[in-house]
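Everything below concerns the one structure shown next.
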Amino acid sequence: QLQLVESGGGLVQPGGSLRLSCAASGLNYYSIAWFHRAPGKERDGISCISRSGVNMNYGDSVKGRFTISRDNAANTVYLQMNDLEPEDTGIYYCAAVRGYACYLYEQSYTDWGQGTQVTVSS
């Protein structure tokens with residue numbers, strides 16, 4: 001089983017930026033997604049990247065503000081989050097599925113990290 005470790009969360013002011021990382025040995029064989037659970041809400045898929053890094057998808061709430069990327073040599077996927085809003089507050093999880101395509105649906109993923117907290121507040 002893949003051991004996914006997220007990092008990079010923290011407290012940031014509205015309009016600020018953070019970069020989240022998701023790392024695991026062997027990650028380069030997997031498509032990866034980031035999910036966001038806002039307080040009191042269900043977990044929502046916000047971005048994913050295919051195994052090769054060629055294909056990426058974004059949820060409507062983050063398009064134009066967040067960028068997903070991967071460094072397969074480093075077994076790491078990144079989520080660059082810019083222009084953060086209070087609504088972006090919550091726990092961010094990375095998830096993995098062995099294969100070539102990526103999706104924004106929880107049911108598609110087999111391995112999950114523990115999550116990292118992001119708080120956007122002045």
Side-chain angles (χ1 to χ4, degrees):
Q1 189 170 356
L2 209 58
Q3 301 292 327
L4 297 166
V5 178
E6 302 100 332
S7 61
L11 173 65
V12 63
Q13 292 187 343
S17 298
L18 285 173
R19 188 177 78 158
L20 305 183
S21 298
C22 173
S25 178
L27 197 67
N28 50 314
Y29 293 102
Y30 292 76
S31 293
I32 304 297
W34 285 97
F35 289 80
H36 170 228
R37 188 194 297 276
K41 295 189 178 180
E42 294 185 353
R43 196 157 52 184
D44 186 37
I46 57 171
S47 186
C48 70
I49 188 166
S50 62
R51 171 175 160 170
S52 66
V54 171
N55 296 307
M56 293 158 279
N57 289 319
Y58 295 94
D60 289 342
S61 65
V62 305
K63 281 180 182 175
R65 300 189 298 124
F66 292 10
T67 303
I68 193 168
S69 62
R70 69 187 301 157
D71 181 346
N72 281 344
N75 286 310
T76 303
V77 170
Y78 303 99
L79 185 69
Q80 178 66 44
M81 307 189 296
N82 297 330
D83 195 20
L84 283 160
E85 304 168 351
E87 293 74 19
D88 296 318
T89 293
I91 302 173
Y92 285 74
Y93 301 88
C94 68
V97 60
R98 196 173 181 101
Y100 296 93
C102 79
Y103 309 93
L104 294 180
Y105 306 108
E106 280 194 50
Q107 296 84 350
S108 301
Y109 294 87
T110 56
D111 299 273
W112 292 81
Q114 295 298 307
T116 185
Q117 175 71 42
V118 171
T119 302
V120 184
S121 175
S122 56

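Numbering starts at 1 and runs along the sequence shown.
Residue Ser17 holds its OG atom at 9.5 Å from CZ of Phe66, rounded to the nearest 0.5 Å. Atom CE in Met56 sits 14.0 Å away from atom CD1 in Ile32 (nearest 0.5 Å). Expressed to the nearest 0.5 Å, how far CG of Leu20 lies from CD of Gln80 amounts to 9.0 Å.
The neighbour count for Gln117 CD, taken as heavy atoms of other residues, nucleotides or ligands under 6.0 Å away, is above 12.
Checking Thr76, Val77, Thr116, Leu79 one by one against Ser21, the side chain to side chain contact (heavy atoms under 4.5 Å, CB included) holds for a single residue, Thr76.
For residues 7-33, no pair satisfies salt bridge (Lys or Arg N to Asp or Glu O under 4.0 Å), with sequence neighbours left out. Every pair passing salt bridge (Lys or Arg N to Asp or Glu O under 4.0 Å) that includes a residue from residues 100-110 is listed here, sequence neighbours excluded: Arg43-Glu106. Residue pairs that meet the disulfide bond (SG atoms under 2.5 Å apart) test with at least one member in residues 67-97, sequence neighbours left out, are Cys22-Cys94.
Among all heavy-atom pairs drawn from Asp111 and Gln1, the shortest one is OD1-CG, 3.0 Å.
Grouping the Ile, Leu, Val, Met, Phe, Trp and Tyr side chains by contacts below 4.5 angstrom, directly or via other members, places Val118 with Leu4.
Residues Tyr30 and Cys102 form no side-chain contact, since every pair of their non-hydrogen atoms from C-beta on lies 4.5 Å or further apart.
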(request) For ring pair (Phe, Tyr, Trp, His ring centres under 6.0 Å), just list the numbers for Trp112 and Phe35, CA-CA rounded to whole Å, side-chain angles, deciding distance to a tenth of an Å, and then say yes or no. (result) CA-CA 10 Å; Trp112 292 81; Phe35 289 80; 4.8 Å; yes

